[in-house]
Enquirer: 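Sharing a structure, written as structure tokens. Questions coming.
Just the heavy atoms: all of them, side chains too, but no hydrogens, waters or symmetry mates, feed the values below. The residues of the chain are indexed from 1 along the displayed sequence.
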Amino acid sequence: IKVLYYTRVADVVRDGAGIVGLVTANKDGLQNMEADVFIDATGDGDMAALAGVPYEQGRQEDGRMQGVTLVFRLGGVEGYFGRCYADRDEVKRCDAVLEQAWKEGKVSGKYHVGCVNSIPGMPGVVAVNSQHTHGIDGTNADDLTMATIKGRREIREMVELFRQHLRGFEKSYLLDTAAVVGVRETRRITGEYTLTEEDVLGARKFEDGIANGAWAIDCHLEAFKPRTEEEVFLNTGQYYNIPYRCLIPKGIDNLLLAGRCISTTHLALAAFRIMSQCMAVGQAAGTAAALCLDEGCKPRNLDVQVLQKALTSDGALFE
């Protein structure tokens with residue numbers, strides 16, 4: 001088992017229906033990696049795509065993907081903010097001011113203050129998840145570079161606007177920006193089952209469920225307008241399963257998927273992509289890979305009940 005830091009998949013070596021090795025690129029240059037079972041946790045499905053597995057990218061009609069975000073942290077903030085800025089009336093007032101500044105051409109982006117989150121153990125510090133860049137392909141290096149430059153420029157504007165217009169931010173200052181932009185959506189690898197928005201909103205359970213999800217269909221796409229709130233949010237207490245089959249890519253015998261590249265539709269991904277759910281699926285993929293080695297079987301032939309029993313013993317929730 002290898003944990004590879006600062007490493008990217010440069011190429012995949014296939015032999016029939018299986019992967020026999022990877023060519024990776026890191027500080028040491030190009031390296032060859034061999035394994036019996038591989039897990040594609042690249043987020044973008046790089047390994048599966050290089051191996052020739054079919055995939056989809058963006059929404060069906062035009063390929064547009066959810067916007068990317070450069071998160072940043074502010075210090076010197078006064079007041080309690082909780083998960084998001086506590087005073088919702090203040091949020092509405094400030095958002096109206098920021099929108100007007102955008103309409104008048106005073107700022108280069110359309111900003112809002114809804115995603116301002118306190119950080120446990122760090123009084124006076126908040127993380128802001130409000131900067132968005134749309135029309136970006138997270139598998140394209142030029143696009144990622146452009147989004148990073150644009151994000152850092154817009155954050156400087158946002159900090160000044162927050163100081164001027166948002167109560168409690170008068171003495172705030174920029175601590176840092178994220179090292180890389182946060183990408184919500186790129187490739188969705190085609191698996192043995194594709195999770196759909198109907199599965200999500202119907203809180204569907206599967207016999208081969210290996211993780212739970214309860215987040216709304218939260219699609220950061222300018223053109224996405226929900227018809228009603230009920231079509232976007234699950235009812236309180238409801239949740240859906242992510243089936244093991246979503247982790248099994250078509251046409252490859254010894255590869256598992258983990259993270260946002262698993263087999264989903266465009267809108268189902270908007271609900272699944274949340275970090276806690278990706279982590280739960282990552283645990284399932286890692287456990288499945290280990291069991292495949294113990295059982296001497298391919299991932300698609302693994303007895304899912306054995307996997308579920310192992311996950312349950314480790315405290316995972318999927319029922």
Side-chain angles (χ1 to χ4, degrees), residues 3 5-8 27 41-44 66-102 104-136 138 141-186 215 218 220 259-260 273-279 282:
V3 179
Y5 294 95
Y6 306 110
T7 295
R8 299 288 183 182
K27 286 291 188 178
T42 63
D44 299 316
Q66 297 178 65
V68 303
T69 293
L70 193 63
V71 177
F72 62 98
R73 296 191 303 171
L74 296 176
V77 178
E78 299 176 355
Y80 173 74
F81 297 91
R83 178 185 174 274
C84 288
Y85 191 81
D87 190 336
R88 306 313 295 170
D89 290 335
E90 178 70 1
V91 167
K92 291 179 181 178
R93 182 197 65 77
C94 190
D95 278 350
V97 171
L98 299 185
E99 183 171 2
Q100 185 62 32
W102 174 71
E104 294 175 359
K106 296 178 180 179
V107 293
S108 58
K110 187 175 182 180
Y111 309 133
H112 65 92
V113 299
C115 291
V116 178
N117 304 295
S118 64
I119 303 176
M122 300 183 70
V125 178
V126 296
V128 185
N129 186 27
S130 300
Q131 188 280 326
H132 282 55
T133 301
H134 293 278
I136 294 297
D142 288 341
D143 277 12
L144 291 172
T145 300
M146 181 184 71
T148 303
I149 294 171
K150 176 177 177 290
R152 292 203 169 113
R153 180 174 59 245
E154 291 185 350
I155 285 170
R156 295 179 66 181
E157 294 182 351
M158 294 177 73
V159 172
E160 187 60 33
L161 287 168
F162 281 20
R163 286 187 190 130
Q164 293 177 13
H165 301 293
L166 189 59
R167 181 170 50 81
F169 283 74
E170 293 84 355
K171 299 179 182 179
S172 64
Y173 54 89
L174 181 64
L175 281 175
D176 52 27
T177 65
V180 294
V181 294
V183 178
R184 294 179 174 87
E185 175 182 12
T186 54
W215 193 252
D218 183 12
H220 289 239
R260 57 180 168 78
R273 61 177 175 78
I274 302 303
M275 282 183 276
S276 59
Q277 293 159 188
C278 289
M279 290 169 65

Enquirer: Answer yes or no: is there a donor N or O on one side and an acceptor on the other, between the side chain of Gln164 and the main chain of Phe162, under 3.5 Å?
Expert: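 Not a single qualifying donor-acceptor pair exists.
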Enquirer: How far does CD of Gln131 sit from CZ of Arg153, to the nearest 0.5 angstrom?
Expert: 10.0 Å
Enquirer: Do we see a donor-acceptor contact under 3.5 Å between the side chains of Arg260 and Thr186?
Expert: yes
Enquirer: Going by the rule ring pair (Phe, Tyr, Trp, His ring centres under 6.0 Å), which residues pair with Phe72 if we only count those two or more places apart in sequence or in a different chain?
Expert: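 Scan of Phe72 (ring pair (Phe, Tyr, Trp, His ring centres under 6.0 Å), adjacent residues dropped) gives none.
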Enquirer: Using a 4.5 Å cut-off on heavy atoms from C-beta on, say whether the side chain of Asp142 contacts that of Met146.
Expert: no
Enquirer: Is the closest side-chain heavy-atom distance between Asp218 and Arg273 below 4.5 Å?
Expert: yes
Enquirer: Got a sec, which residues hit side chain to side chain contact (heavy atoms under 4.5 Å, CB included) with Thr69, two or more places apart in sequence or on another chain?
Expert: Val71, Asn129, His132, Arg184
Enquirer: Working to the nearest 0.5 angstrom, can you tell me the gap between Phe169 CZ and Leu161 CG?
Expert: 12.0 Å
Enquirer: Give a yes or no answer on whether the side chain of Gln66 reaches the backbone of Glu185 with a donor-acceptor pair at less than 3.5 Å.
Expert: no
Enquirer: List the residues meeting side chain to side chain donor-acceptor pair (under 3.5 Å) with Ser172, not counting sequence neighbours, and say none if there are none.
Expert: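 Testing Ser172 for side chain to side chain donor-acceptor pair (under 3.5 Å), a comparison that skips the adjacent residues, returns none.
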Enquirer: To the nearest 0.5 angstrom, please state how far the CZ atom of Arg156 sits from the OG1 atom of Thr177.
Expert: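 The distance works out to 11.5 Å.
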Enquirer: If you look at every heavy atom in Leu70 and Thr148, which pair is closest and at what distance?
Expert: CD2-O, 4.1 Å
Enquirer: On a heavy-atom basis, which atom in Leu74 and which in Val159 lie closest, and how many Å separate them?
Expert: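 Heavy atoms only, the tightest pair is CD2-CG2, 3.7 Å.
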Enquirer: Are Val181 and Thr133 side-chain neighbours, meaning at least one heavy-atom pair lies under 4.5 Å?
Expert: no
